Amino acid sequence: MKIWTSEHVFDHPWETVMTAAMRKYPNPMNPSVVGVDVLDRHVDPSGKLHSHRLLSTEWGIPSIVKSLIGTCRTRTYVQEHSVVDPVKKTMELKSCNISFTNLVSVDERLVYKPHPHEPHKTILTQEAIISVKGVSLSSYLEGLMANTISSNAKKGREALEWVIKRLNAEIEEFAASARGTMRNSMAAAAFVEK
């Protein structure tokens with residue numbers, strides 16, 4: 001078993017980062033995620049948003065790994081459960097693979113919360129527990145997977161920044177459109193008054 005951890009500070013408020021996290025896929029930084037299906041989403045009586053999603057991923061598995069696990073299948077599935085607490089301003093996301101569970105398990109936990117000293121920033125803490133079973137060199141393979149998770153986490157943070165830029169562009173476009181509509185309405189009203 002290998003445990004990987006990371007912490008990152010986003011220079012954005014929690015609400016922005018949380019919104020981006022919910023809209024993270026698809027993105028050009030994580031092309032291996034080829035599908036996201038929402039299986040369940042509801043708000044509980046305390047106001048927390050619960051989501052259960054299925055992520056479909058397509059990985060280019062090296063031939064040596066294919067021979068070790070005895071398959072050439074590259075499509076894998078991950079289930080993801082998240083809870084957003086708007087009162088406490090936390091988002092906790094837990095995910096685990098549901099493919100190849102007889103050979104490998106990756107349990108990941110992400111927590112987004114406001115920075116305790118700089119509330120306009122958001123802290124992301126990540127942890128992954130990796131277990132490779134039933135093959136020789138399992139410790140070595142767990143180390144390789146931890147390196148891959150670290151690389152993918154960096155891409156995931158870049159993806160969130162990309163989504164935040166897109167959100168900001170959408171907001172600016174909407175605001176510009178609203179300003180234009182208001183100007184046209186005011187001009188039309190001024191014309192009618194003459």
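Positions are given from 1 along the sequence. Not measured: the values here are computed from a predicted model.
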Hey, does the side chain of N30 reach the backbone of V33 with a donor-acceptor pair shorter than 3.5 angstrom? no

Would you say that L54 contacts V36 through its side chain, given a criterion of any heavy-atom pair below 4.5 Å between the two side chains? no

Report yes if some heavy atom in the side chain of T5 is under 4.5 Å from a heavy atom in the side chain of E7; otherwise report no. no

Co-membership, hydrophobic cluster, residues V163 and M91, 4.5 Å side-chain: no

Can you name the closest pair of heavy atoms from N97 and S105 and give their distance? OD1-CA, 3.3 Å

Using the rule given for side chain to side chain contact (heavy atoms under 4.5 Å, CB included), can you reason through K133 versus V104, listing the C-alpha separation, both sets of side-chain angles and the distance that settles it, and then say yes or no? CA-CA 6 Å; K133 310 165 212 164; V104 64; over 6 Å; no

Give, for atom NE2 of H12 and atom NZ of K165, the distance between the pair rounded to the nearest 0.5 Å. 8.0 Å

Determine yes or no for a side-chain-to-main-chain donor-acceptor pair under 3.5 angstrom, with T90 supplying the side chain and K113 the backbone. no

With a 3.5 Å distance limit and no angle check, can you tell me whether D85 reaches the backbone of V87 through a side-chain donor-acceptor pair? yes

Pair H8-Q126, side-chain donor/acceptor within less than 3.5 Å: no

Scanning both residues in full, the closest heavy-atom pair of P114 with P119 reads CB-O, 4.4 Å

Taking all non-hydrogen atoms of both residues, which atom of I149 and which atom of A128 are closest, and how far apart? CD1-CB, 4.0 Å

Applying a strict under-4.5 Å side-chain criterion to I, L, V, M, F, W and Y, I'd like to know whether L160 and L93 cluster together. yes

Contact check, side chains of L49 and S51, non-hydrogen atoms, under 4.5 Å: yes

Closest non-hydrogen atom pair between V132 and S138, with its separation: O-CB, 3.6 Å

Side chain to side chain contact (heavy atoms under 4.5 Å, CB included) between R41 and H52, intermediate numbers included: CA-CA 6 Å; R41 184 167 282 158; H52 181 200; over 6 Å; no

Ion pair K94/E80, N-O distance below 4.0 Å: no

Do H50 and D44 have side-chain N/O donor and acceptor atoms under 3.5 Å apart? yes

Is there side-chain contact between S131 and M1, with at least one heavy-atom pair below 4.5 Å? yes

Same cluster for V106 and L110 if Ile/Leu/Val/Met/Phe/Trp/Tyr side chains link at under 4.5 Å? no

Any non-hydrogen side-chain atom of V17 less than 4.5 Å from a side-chain atom of I164? yes

In Å and rounded to the nearest 0.5 Å, what is the CD to OH distance from E15 to Y112? 14.5 Å

Please determine if E158 and K154 form a salt bridge, counting it only when a charged side-chain N lies under 4.0 Å from a carboxylate O. yes

Would you indicate whether the side-chain heavy atoms of Y77 and L55 approach each other to under 4.5 Å? no

Distance in Å, E142 CD paired with N147 CG, rounded so as to fall on 0.5 Å steps: 12.5 Å

Could you tell me if the side chain of W14 sits less than 4.5 Å from the side chain of K89, heavy atoms only? yes

Side chains of S56 and R75 in contact at under 4.5 Å (non-hydrogen atoms): yes

Return the OG to CG distance between S139 and L144, rounded to the nearest 0.5 Å. 10.0 Å

Heavy-atom nearest pair, P31 first then P28, reads CD-O, 3.6 Å

Pair R23 + E170: basic N to acidic O under 4.0 Å: yes

Ignoring hydrogens, what is the shortest heavy-atom contact between D40 and H42? Give both atom names and the distance. OD2-ND1, 3.1 Å

With sequence neighbours left out, which residue pairs that include part of residues 117-164 fulfil the ring pair (Phe, Tyr, Trp, His ring centres under 6.0 Å) condition? H115-H117

Applying side chain to side chain contact (heavy atoms under 4.5 Å, CB included) to Y25 and V34, what does each step give before you reach the verdict? CA-CA 9 Å; Y25 302 111; V34 295; over 6 Å; no

For M145 and W4, what are the C-alpha separation, side-chain angles and deciding distance, and is it a side chain to side chain contact (heavy atoms under 4.5 Å, CB included)? CA-CA 10 Å; M145 292 183 72; W4 174 87; over 6 Å; no

Indicate whether any N or O donor in one side chain lies under 3.5 Å from an N or O acceptor in the other, for T57 and S32. no

Is it true that M22 and V83 fall in one hydrophobic cluster, defined by side-chain heavy atoms closer than 4.5 Å? no

Please tell me whether M18 and V111 are part of a single hydrophobic cluster in this structure, the criterion being side-chain heavy atoms less than 4.5 Å apart. no

Distance check, rounded to the nearest 0.5 Å: E108 atom CD versus I129 atom CD1? 10.5 Å

Measuring from D107:CG to I130:CD1, what's the distance to the nearest 0.5 Å? 10.0 Å

